Amino acid sequence: MVKYPFLPQVRKHIAELGIDINDLGELESIVDRAKVRIAATFEFLAHMQNQVPYKRTEVEIASFPVAILVVTGVKDKILTERYALSEAKRVYSYLLKEKDEIILGIAEFFEWKIHPSKQRPFSYVVDFTNYLPNATRGRLVHAPEWKLVNRQLSKGQVSVTKNEVCRLLQEEIKKYIEGRTEEKITKTPQIIQDVIEEIKAEFLKRKPHLTEFDQKIQAKESEYPPCIMHLLDRTTKGQHLSHAERFTLVTYLFQQGVSADRIVNLFSNVSDFREDKTRYQVEHLAGQRGSRTPYKTYNCSTLKTHGICVNPDPICRTIRNPLTYHLRKKPTRDKEKK
Amino acid sequence: MPLNSFQLIKENFSKYYHTLGEDAFLLSLIRQREFGFILFDKKIMLRHKSFKSSEALKGFLISLAPSDAYFSAAFYERPTASMTKKGWQGADLVFDIDADHIPTPCNKRHDKWICSKCGSTDNGPSPKKCPNCREEKFETQTWICDDCLESAKTETIKLIEILEDDFGVMKSEISAFFSGHRGYHIHIENERVGSLNSMARKEIVDYVMGVGFKKQFHKLARNRRKEAKIDTVVTMDIHRLIRLVGSLHGKTGFIKTKASLVNLDKFDPLKEAIAFKKGEIVVNVTEAPEFRIGDVTFGPFKNVYHEELPTAAALFLLCKGVAQVVE
């Protein structure tokens, strides 16, 4: 229960413990431990402390829901993600050492269809409907060995090793914790409210260093990736582009700061061009209409799915989204100058 | 298209919808689906519609007689709300297999391109550059024949095998349809599959098409993998509008028809999908390659006047935009 505080039987256990809110000493230890759980995820308090569960089981267990309460109260997407990731990673490290029945029990809590397998090197078969939502999250989505096309799939069952099933569960648990922080909270005791304020203040101080540097350097036309150059070339020649191709080109150009007017103009050679229609669509993708959020350009892997990735060069192998191509291209160009 | 041709098509479409039984749309969760329509007069999509029953949907089709009718593969809390407020609850897994995506030898016979600059024209898919003026912009005309429909069907059968053998989807959860034009649709209704997001569906697409396949991970594999050619965008789009089952295709006047999985190889779309089986219409035909409807082959036509054709054949040419009604 100390290791897997999200399981339903733990919730029940906490209720039965009947922790006395008036016993300040007890509550303080729980809240302190909850603070450490969160603080360790952004280098506010020592990292080591996080790895060692608190010596008193009750406190350790109860600190998990309290930590969730605090994270929910801070309402910061990046903190939530970091916290969920650290809890999920911890569970992953425990799971690696567990026997089948514990792993299966936890998978079943998440309503997975999973069975042990004797076909070595695999230990389990997981239904593809459980495999896919997790294997397409986080870092896994970029690794070819996690792609379904590179897995053994039979009658809906994906064969996985023990290590892999733990890794998939890590994603499931992360998603679960993120989900719990979206639940509405009613009233929080003052002592927890204080921690929320403290964590919030400390986190905001460190946040700029934690988030990836927001690249605002825009590409020149000579630095566009091959796929975009190809689409651009075809458009200016007035050739027909599929919906996915137009989407790719327009969202890319918009993100590079090209104006809606110039983008609309580009399409004026296309045989079925109608300015009003094209303008509407371009402005929609740019987030100037409708949902008000600019659409993001497809990742390289999606461009491959749609057959839009053409003539990839060595730089393409190092990027995941065409929008970052020019950032890699720049250094090589600067070198050439020297 | 002249007004009277439009009117004639609309009248016939409306009559067809009148004859339909209410179970013709084979729709589950009708209240949670979004519907969309393209009208003959305005070539815009009328969407975010919803209906309480098949009866209401049927009434709408009779009175509007749209050129094309669609329903969402997704089910929503609020199907009439704008995209971000709909409340997505899940979506059938849909595959689109279209002759457009399969290179067939028959497109040499019945498809054609016209250079937008110099007007040069020839049969087959458009070349990269016009052999006459080197321009790279073309208008294209596609047609349907037994060969391209057959190749789409072959891909469909391969896809169904992959879904059953590899993905373990049960036959009872798979429905196959002739789209009414150049291909087939596969719909899968299953709660677990229905909840998959777009990223997960992309992995299914890559698996079916063999995208991202790396040999090094398949040393243990016993069988050779099967692949099928599908439209990648349709399957990944979890908000997609799909042609309504039982509705007419505006480019052909054919019905989107359910095809039995048992005898799919013997399914004849140009017989099963025919909506208009009675009467004749007199038309002028500008140009049309040979085509078959039921057991009868028509054409080829070139500047033929006052041709009396069975309703289905005449409507097909009218919908294709290569014929006009003679008053």
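A note on names: the letters A, B, ... follow the listed sequences, proteins ahead of strands, and every chain is numbered from 1. From a predicted model like this one, the values you see are computed outputs, not experimental measurements.
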Side chain, backbone, both or neither of R151(A) within contact of chain B (heavy atoms, under 4.5 Å): backbone

Residue pair F247(A) / V233(B), side-chain heavy-atom distance below 4.5 Å: no

Inter-residue atom distance S242(A).OG - D231(B).CG, 0.5 Å rounding: 9.0 Å

Contact class of V158(A) relative to chain B, heavy atoms under 4.5 angstrom: neither

Crowding at NE2, H243(A) (>12 non-hydrogen neighbours, <6.0 Å): no

Side-chain heavy-atom pair P133(A), M199(B) within 4.5 angstrom cut-off: no

Proximity breakdown for N299(A) and chain B, heavy-atom pairs closer than 4.5 Å: neither

Heavy-atom pair of closest approach, residues Y207(B) and V149(A): CD1-CA, 3.6 Å

M170(B) atom CE: more than 12 heavy-atom contacts under 6.0 Å: no

More than 12 heavy atoms of other groups within 6.0 Å of Q216(B) CD: yes

Test log, rule side-chain contact (heavy atoms from CB on, under 4.5 Å), inputs K128(B) and Q239(A): CA-CA 10 Å; K128(B) 278 210 108 168; Q239(A) 291 177 9; over 6 Å; no

L132(A) vs R201(B), side-chain contact (heavy atoms from CB on, under 4.5 Å): CA-CA, chis, key distance, verdict: CA-CA 8 Å; L132(A) 285 179; R201(B) 289 172 201 237; over 6 Å; no

Portion of T302(A) that has a non-hydrogen atom of chain B nearer than 4.5 angstrom: both

Other residues, nucleotides, ligands: >12 heavy atoms within 6.0 Å of K49(B) NZ: no

Contact summary for R192(B) and K113(A), nearest pair of heavy atoms: NH2-N, 3.5 Å

Greatest number of heavy atom pairs closer than 4.5 Å to chain B - which of A244(A), A135(A), S301(A), G307(A): S301(A)

N150(A) and its side chain to side chain donor-acceptor pair (under 3.5 Å) partner, picked from K215(B), H218(B), K214(B): H218(B)

D166(B) and F128(A): CA distance, side-chain angles, deciding distance, side-chain contact (heavy atoms from CB on, under 4.5 Å) verdict: CA-CA 10 Å; D166(B) 296 6; F128(A) 76 98; over 6 Å; no

Beyond-backbone contact of K304(A) with M209(B), side-chain heavy atoms, under 4.5 angstrom: no

Residue selection (most heavy-atom pairs with chain A, distance under 4.5 Å) from V205(B), L163(B), D165(B): D165(B)

Check: E135(B) and K237(A) side chains under 4.5 Å, non-hydrogen atoms: no

Over 12 foreign heavy atoms within 6.0 Å of NZ, K251(B): no

Largest heavy-atom contact set with chain B, pairs under 4.5 Å, which of T136(A), D127(A), N130(A): T136(A)

Heavy atoms from other residues, nucleotides or ligands near CD of E111(A) exceed 12 (cutoff 6.0 Å): no

Considering all heavy atoms, the nearest G238(A)-K137(B) contact: O-CG, 3.2 Å

